[in-house]
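A short worksheet on the structure shown next.
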Amino acid sequence: MRSASAPNLAQFIRPGDTLTFGQADAQPLTLLRALAAQRHQFGRIRLFLGIGHGLQDILRPEYADTFDYLAYCGSGSNRTLAKAGVLDIIVDHYSELPFLLGQGALKTDVVLLQLSPPDEQGRYSLGMAREYLVPALQSARMILAEVNPLVPWTYGGPYLREHEIDLLIESDIEPDGTSLDMAEPEPEPIAQAIGRHVASLVQDGATLQTGIGAVPDAILAALISHRDLGLHSGSLGEGIVRIAESGALTNARKGVDTGTTIGGILMGGPRLRRFAHNNSQLALRSTAYTHNAQVLASLNRFTAINSAIEVDVTGQVNSEMAGSMYLGAVGGIVDFLRGANASKGGLPVVALPSMARGKSRIVAALSGPVTVPRSCSCVIVTEHGVVDLRGLTLSQRIDRMIGIAHPTQRSELEKAMSTQHTQGWKTR
């Protein structure tokens with residue numbers, strides 16, 4: 001059904017339905033605005049949220065009178081919902097989302113999509129994302145979509161034809177988030193220092209996984225002199241364009257998907273969209289593939305580079321909460337770190353600045369949950385250095401982790417560990 005006017009969504013949505021839609025720059029903003037405006041026509045429904053870009057004025061806390069908000073993360077505009085106490089968090093690993101959304105407890109009834117215009121064969125591409133939209137498509141009773149000429153046609157499937165879509169409308173809203181062309185800023189000195197440290201660990205021919213933001217982009221910028229790098233990641237940001245244009249990214253030695261960059265979602269502005277459009281050397285795939293343990297283990301020198309809110313001196317990682325606020329996610333950090341440990345020549349990395357808002361991010365004790373246990377040993381990087389925790393004893397970990405904390409915080413960490421009451425292991 002094609003509609004040129006404001007869509008009436010009540011004919012597609014039933015009370016009690018679970019709705020899933022693309023996150024970040026893959027958000028179908030026209031449909032979401034219609035959903036919010038018509039919310040009293042559906043009865044109570046459940047919305048599964050990813051990273052929200054600019055949704056605070058569309059999916060408001062007061063709309064919890066008809067919406068149940070569920071999310072895997074507290075990022076972006078989800079924080080507004082979290083602060084209002086109306087956001088419920090799913091704490092499963094990212095690799096488990098395909099089952100949950102496809103046939104498990106979060107089984108999708110209605111999926112809302114942002115599509116690119118069709119190709120010459122009449123195939124609509126899912127544009128900026130595949131990831132957990134693919135299992136949602138497989139289970140959904142209804143597929144509602146908006147076509148946006150600003151969205152790139154990307155490879156990776158599945159592709160949709162018009163007869164498979166229950167509602168199809170047009171949209172020309174600029175995908176939100178980092179959606180404006182700006183001069184490329186130089187990374188901050190701290191991000192640059194972290195980037196140099198990580199780059200020194202990466203071998204030519206390695207296959208990389210990174211996140212998005214200043215630190216991942218600085219890491220990629222520091223790798224432009226490397227050769228035959230590959231990419232296999234959940235998210236792909238602006239930094240991939242520069243590394244591709246430098247000639248460092250060839251995907252020639254991945255061992256899997258040779259010659260092709262693999263991701264789940266694109267997060268970036270026009271430059272990234274232009275790079276991705278009709279680019280047969282880039283494919284977006286389902287989370288069931290990007291986070292698959294066997295696929296990750298088979299990648300050549302899989303180097304997983306993740307961030308965290310804080311890491312304690314024994315190697316426990318919190319990527320979820322800062323104090324009482326849920327800011328991050330369980331996400332895919334454990335999936336990727338374990339994949340790197342299983343890969344031949346792999347490298348599991350957690351990289352983070354040593355300080356944030358005047359507080360140390362290398363801590364004596366976590367202030368939030370243990371997202372990654374210390375038994376999942378990895379390499380910790382700050383702007384002050386590198387510690388490879390693999391094979392180190394607890395006392396060795398403590399000494400070396402304090403050494404990469406901010407210099408102003410080291411004496412406090414030493415004091416905290418010297419006075420900590422422990423039994424059964426040497427602390428210093």
Side-chain angles (χ1 to χ4, degrees), residues 18-28 32 46-56 58-61 64 67-101 104-106 108 112 128-133 135-136 176-178 209-216 233-237 263-268 286-287 290-291 304-310 317-337 350 352 356 366-372:
T18 295
L19 277 62
T20 299
F21 47 88
Q23 62 180 328
D25 299 312
Q27 294 169 159
L32 290 177
R46 185 166 66 164
L47 307 184
F48 179 77
L49 310 177
I51 297 170
H53 279 180
L55 293 184
Q56 61 269 20
I58 300 175
L59 300 180
R60 300 181 179 182
F67 294 157
D68 288 327
Y69 294 118
L70 308 180
Y72 78 85
C73 65
S75 306
S77 50
N78 288 353
R79 294 179 186 177
T80 301
L81 302 176
K83 288 179 180 178
V86 298
L87 182 68
D88 220 350
I89 296 293
I90 304 297
V91 291
D92 297 272
H93 295 299
Y94 215 78
S95 57
E96 295 167 3
L97 289 182
F99 170 77
L100 292 172
L101 293 168
L106 306 177
T108 298
L112 281 61
M128 301 290 284
R130 298 301 190 278
E131 44 173 11
Y132 55 73
L133 294 176
D176 213 336
T178 51
Q209 173 267 320
T210 68
I212 57 169
V215 170
S233 194
S235 57
L236 300 173
I265 184 170
L266 301 170
M267 295 188 188
S286 168
T287 301
T290 58
H291 290 64
I305 306 167
N306 290 267
S307 189
I309 292 173
E310 58 184 2
V317 178
N318 166 22
S319 67
E320 300 173 63
M321 297 186 70
S324 61
M325 282 298 300
Y326 203 96
L327 303 179
V330 172
I333 184 171
V334 174
D335 298 317
F336 288 132
L337 293 178
V350 173
L352 70 166
L366 298 182
S367 64
V370 178
T371 313
V372 182

*asked:* Taking ring pair (Phe, Tyr, Trp, His ring centres under 6.0 Å) as the definition, give me every residue that meets it alongside Tyr94, ordered by chain and number, with sequence neighbours left out.
replied: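 Applying ring pair (Phe, Tyr, Trp, His ring centres under 6.0 Å) to Tyr94 gives Tyr72, His291.
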Which distance, rounded to the nearest 0.5 Å, do you find between the [atom1] of [X] and the [atom2] of [Y]?
X      : Y      : atom1 : atom2 : answer
Asp335 : His93  : CG    : NE2   : 6.5 Å
Ile90  : Leu70  : CD1   : CG    : 5.0 Å
Leu97  : Thr287 : CG    : OG1   : 6.5 Å
Asp88  : Leu81  : CG    : CG    : 11.5 Å
Leu19  : Asp68  : CG    : CG    : 11.5 Å
Thr20  : Leu133 : OG1   : CG    : 8.0 Å

Quick one: are [X] and [Y] in side-chain contact, heavy atoms under 4.5 Å?
X      : Y      : value
Asn318 : Pro369 : yes
Glu320 : Val330 : yes
Val91  : Tyr326 : yes
Val350 : Val372 : no
Ile51  : Ile265 : no

Nearest heavy-atom neighbours spanning [X] and [Y]:
X      : Y      : answer
Gln56  : Arg60  : O-CG, 3.4 Å
Ser319 : Thr371 : N-OG1, 3.0 Å
Gly52  : Gln27  : CA-OE1, 3.4 Å
Gly234 : Phe336 : N-CZ, 3.8 Å
Leu87  : Ala71  : CD1-CB, 3.7 Å
Thr108 : Ala136 : OG1-CB, 3.7 Å

Ignoring hydrogens and angles, tell me if any N or O in the side chain of [X] forms a donor-acceptor pair with the backbone of [Y] under 3.5 Å.
X      : Y      : result
Asn78  : Cys73  : yes
Ser77  : Leu55  : yes
Asn306 : Ile333 : no

*Decide yes or no on side-chain contact (heavy atoms from CB on, under 4.5 Å) for Arg130 and Thr290, but give the supporting numbers first.*
CA-CA 10 Å; Arg130 298 301 190 278; Thr290 58; over 6 Å; no
